Amino acid sequence: MTETSVRVRFAPSPTGYLHIGGARTALFNFLYARNTGGKFLLRIEDTDTERSSRAMIQQILDSLKWLGLDPDETPVLQSENIHKHKEAVKKLLEEGKAYRCFCSKEVLDAERDRANKENRSYRYSGQCRNLTEQQILQNLQENRPYTVRIRIPEEGLTRFKDMVFKNIEIQNREIDDFIIMRSDGTPVYQLAVVVDDASMRITHIIRGEDHLPNTAKQIHLYLALGYPVPRFAHVPLILAPDGKRLSKRHGATSVGEFKDMGFIPDGFINGLVHLGWGVQGNQTVFTRDDLIRLFKLQDISKKGAVFDIKKMIWINGQHLSLKTAEELYTAVTSVWIKAGLLDEEKIESEKLRITEAIDLLKSRMKLLNDFVEFGRYIFVDPVSYDPAAIEQRWTNQSVPVLIEAYAESLKTLTPFTAEALEDSLRNVAESHHENAAILIHAVRLAVTGFSVSPGLFRLLAFLGRETVLQRLNNSLEYIKSNNVILRG
RNA sequence: GUCCCGUUCGUCUAGUGGUCAGGACUCAGGACUUUCAUUCCUGCAACAGGGGUUCGACUCCCCUACGGGAUACCA
């Protein structure tokens, strides 16, 4: 790769869990890097020590790992770069591109309040913009606290071409001489990002639309510091169903919660990518490789997207059927273990059998947790039967007779295969002058407890003679002892 | 308030001057002489409003409305 090769970063602040919005930003960065053969980096913006925590950093790292969005280089901690930030401020000060501001916070706040009350837009008065050497010296000698402000040109226009939002123009007079270093000597975010992105040699900044208005400010910093200005791509925000911005306080769900719901990474990512990205054609389900191949920043929409969990679940189901039972093995067995249906040893000892069970079920599942709810009967006899199904499938008076006859025939059936099981069932039905469907439904309910399941005969073959006979007998008993009303 | 941005079916989106405005989710029907939670088919449903420009606007321009973001010694 040449030195112009793409370097992008995801820069979360560890003040909370990684949620859907952050995950999507990380994903877009990752896809862009992979699509262009560039590097995907991670920087933790932990300068707000009050709100940041180690635990949160770990959570974010874990979530990214689960999503398969591993950074290509060691993650950078912003807090470790403070000396660089301070140096940059010093340099700006020396070159006169920034200046010390001795106005107190109280005075500033009061001015802002007044402006708001009078419905004027607030701007810094510029009090300290042109202090003389003399005045500055005197203030310093008096030990008056100061912040440092960047000097923004009073005239002119700042413009840049956003890769999503196209041409953006902002009048310089709209940009305040914003603070880049606090009175306690710590640099402010706006300065820190610019210095960090430059030192990480970031070529493309892909981030949320909420940073769009910050961009002009940052461009002035790049210019003042003599750094090359990177390209920007702002992605629209994700909205809650009421159209409001999705936030921690308002409907945002952490990545961990989606994992717990039973999403698999590829399904989740595919769902995520539809929030603000679309490509010509009718494809909805994309593998990771598809996305890497097709992803273009130009195809990101400018409109905020409302998050739709139903579609997300459907997409996850598509991925579940797309994957092989082997690929799903670890994920599915772990939910089964958690549900107490399996234990660790069997994962190894019954690998073949479990793989077959997954294969039987997977095309009908939407979330991993469905394997527990709808896959129970793979491991244990039904302890109850769906009441609606009882009403529908067991109330025919010939049901007990049919089940009994079928059970009888299964005692000696060889081989115990799907084909043989089906032939046998049809024979039983026919010899009793009944429709095979009646028996099929009755048996399914007996064996699974549900009115729905994978193909019945394959399932019976899988469960084996002993289990099937046991469950058929159980059902007979249930029908008898619970006085299931029989009608002709 | 000011600045910036946006507005195609309920939702996610395709569409860049001439299309019956396409697809997906959801929902409703139907098919698969075995169920559906799989699969397939069918149906419902959209260019925010008003002005221009043009032979012709969802597509270009302006205005209005609505929505979002930003306006911190937070990130």
Side-chain angles (χ1 to χ4, degrees), chain A residues 11-15 45-48 50-52 78 101 103-105 108-109 112 115-123 145-149 162 165-166 168-171 174-176 178-184 186-190 192-193 208-217 234 236-237 239 241 243-245 271 274-285 299 301-315 317 321 361-366 370 373-374 389 392-393 422 425 435-441 443-445 448 450-457:
Chain A
S13 63
T15 54
E45 312 237 308
D46 59 344
T47 20
D48 186 349
E50 294 276 306
R51 297 193 298 151
S52 301
Q78 184 160 65
C101 172
C103 300
S104 76
K105 191 170 184 345
L108 260 17
D109 287 346
R112 194 186 348 263
N116 284 340
K117 260 185 211 129
E118 292 169 14
N119 261 340
R120 295 189 336 260
S121 68
Y122 169 75
R123 324 211 25 73
Y146 63 89
T147 61
V148 176
R149 290 179 184 270
D162 189 274
F165 283 88
K166 308 305 171 199
I168 307 287
E169 291 186 349
I170 291 170
Q171 298 290 337
E174 299 293 339
I175 306 170
D176 224 354
F178 59 95
I179 290 171
I180 57 176
M181 194 176 82
R182 302 183 186 91
S183 49
D184 67 359
T186 59
V188 155
Y189 164 79
Q190 303 283 12
V193 246
E209 187 192 345
D210 48 337
H211 290 284
L212 194 55
N214 284 157
T215 306
K217 293 182 176 181
H234 288 90
L237 268 13
L239 279 15
K244 297 271 184 257
R245 176 186 182 171
H274 283 295
L275 266 26
W277 178 82
V279 72
Q280 202 167 356
N282 291 336
Q283 193 175 353
T284 304
V285 178
D299 292 328
S301 125
K302 293 195 268 264
K303 184 188 158 195
V306 173
F307 173 62
D308 179 10
I309 185 78
K310 283 195 176 143
K311 187 166 186 173
M312 194 107 178
I313 289 173
W314 178 84
I315 289 171
S321 9
L361 294 166
K362 74 183 178 72
S363 71
R364 285 150 199 267
M365 306 290 119
K366 290 204 168 89
D370 293 343
E373 190 176 350
F374 299 112
Q392 206 185 354
R393 304 306 187 192
E422 177 161 8
L425 182 140
N435 196 322
I438 294 175
L439 222 201
I440 288 169
H441 292 302
V443 170
R444 167 177 293 112
L445 181 55
T448 67
F450 295 108
S451 62
V452 295
S453 78
L456 180 65
F457 301 109

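Only this structure's heavy atoms are used, side chains among them; waters, hydrogens and symmetry mates stay out. Naming: A, B, ... by sequence-line order, numbering from 1 per chain. Note that the structure is predicted; figures quoted are calculated from it, not measured.
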Should R245(A) be listed as having a side-chain N or O under 4.0 Å from OP1 or OP2 of A70(B)? yes

Is there a donor and acceptor pair, one atom on the side chain of R364(A) and one on the base of U39(B), closer than 3.5 Å? no

Report which part of the nucleic acid Q190(A) touches: base, sugar-phosphate, or nothing (heavy-atom distance under 4.0 Å, all strands). base

So does K244(A) get a side-chain nitrogen or oxygen closer than 4.0 Å to the phosphate oxygens (OP1/OP2) of G67(B)? no

Can you measure E422(A) atom CD to U33(B) atom P for me and round it to whole angstrom units? 11 Å

Kindly compute the distance separating OG1 (T215(A)) from CG (D162(A)), expressed to the nearest 0.5 Å. 7.0 Å

At under 4.0 Å between heavy atoms, what does F457(A) touch on the DNA or RNA strands: base, sugar-phosphate, or nothing? base

Touch check for Y189(A), heavy atoms < 4.0 angstrom, all strands: base, sugar-phosphate only, or nothing? base

Applying a 4.0 Å non-hydrogen cut-off, can you work out what T186(A) is touching in the nucleic acid: base, sugar-phosphate, or nothing? nothing

Remember a base hit wins even if backbone is also touched, and classify L237(A) as base, sugar-phosphate or nothing at under 4.0 Å, heavy atoms. sugar-phosphate

For nucleotides 10-15 of chain B, give me one character per nucleotide, 5' to 3': B if any protein heavy atom sits under 4.0 Å from the base, S if the only such contacts are to the sugar-phosphate, - if neither. -SBSS-

Hey, does Q283(A) reach any base, or is it just sugar-phosphate, or nothing, if we go heavy atoms under 4.0 Å? nothing

Taking the six-membered ring for Trp, does H211(A) stack with A75(B) (centroid gap under 5.5 Å, planes within less than 30°)? yes

Going by modelled atom types, is there a donor-acceptor pair between the base of U34(B) and the side chain of R444(A) at under 3.5 Å? yes

Nearest-angstrom distance, P atom, A21(B) to C61(B): 23 Å

Applying the Watson-Crick and G-U wobble criteria at under 3.5 Å, what pairs with G67(B)? Answer none if nothing qualifies. C5(B)

Check whether any side-chain N or O of K366(A) sits under 4.0 Å from OP1 or OP2 of U38(B), and answer yes or no. yes

When we call it a touch if two heavy atoms are under 4.0 Å apart, what does D46(A) touch: a base, just sugar-phosphate, or nothing? nothing

Base, sugar-phosphate, or nothing for S363(A), non-hydrogen atoms under 4.0 angstrom? sugar-phosphate

Hunt down the Watson-Crick or G-U wobble partner of U33(B), both distances under 3.5 Å, from any strand shown, or write none. none

How would nucleotides 40-49 of chain B be written as a contact map, 5' to 3', with B for base contact, S for sugar-phosphate-only contact and - for no contact, using protein heavy atoms under 4.0 Å? ----------

May I ask you to say whether D370(A) pairs ionically with K366(A), meaning some side-chain N is under 4.0 Å from a carboxylate O? no

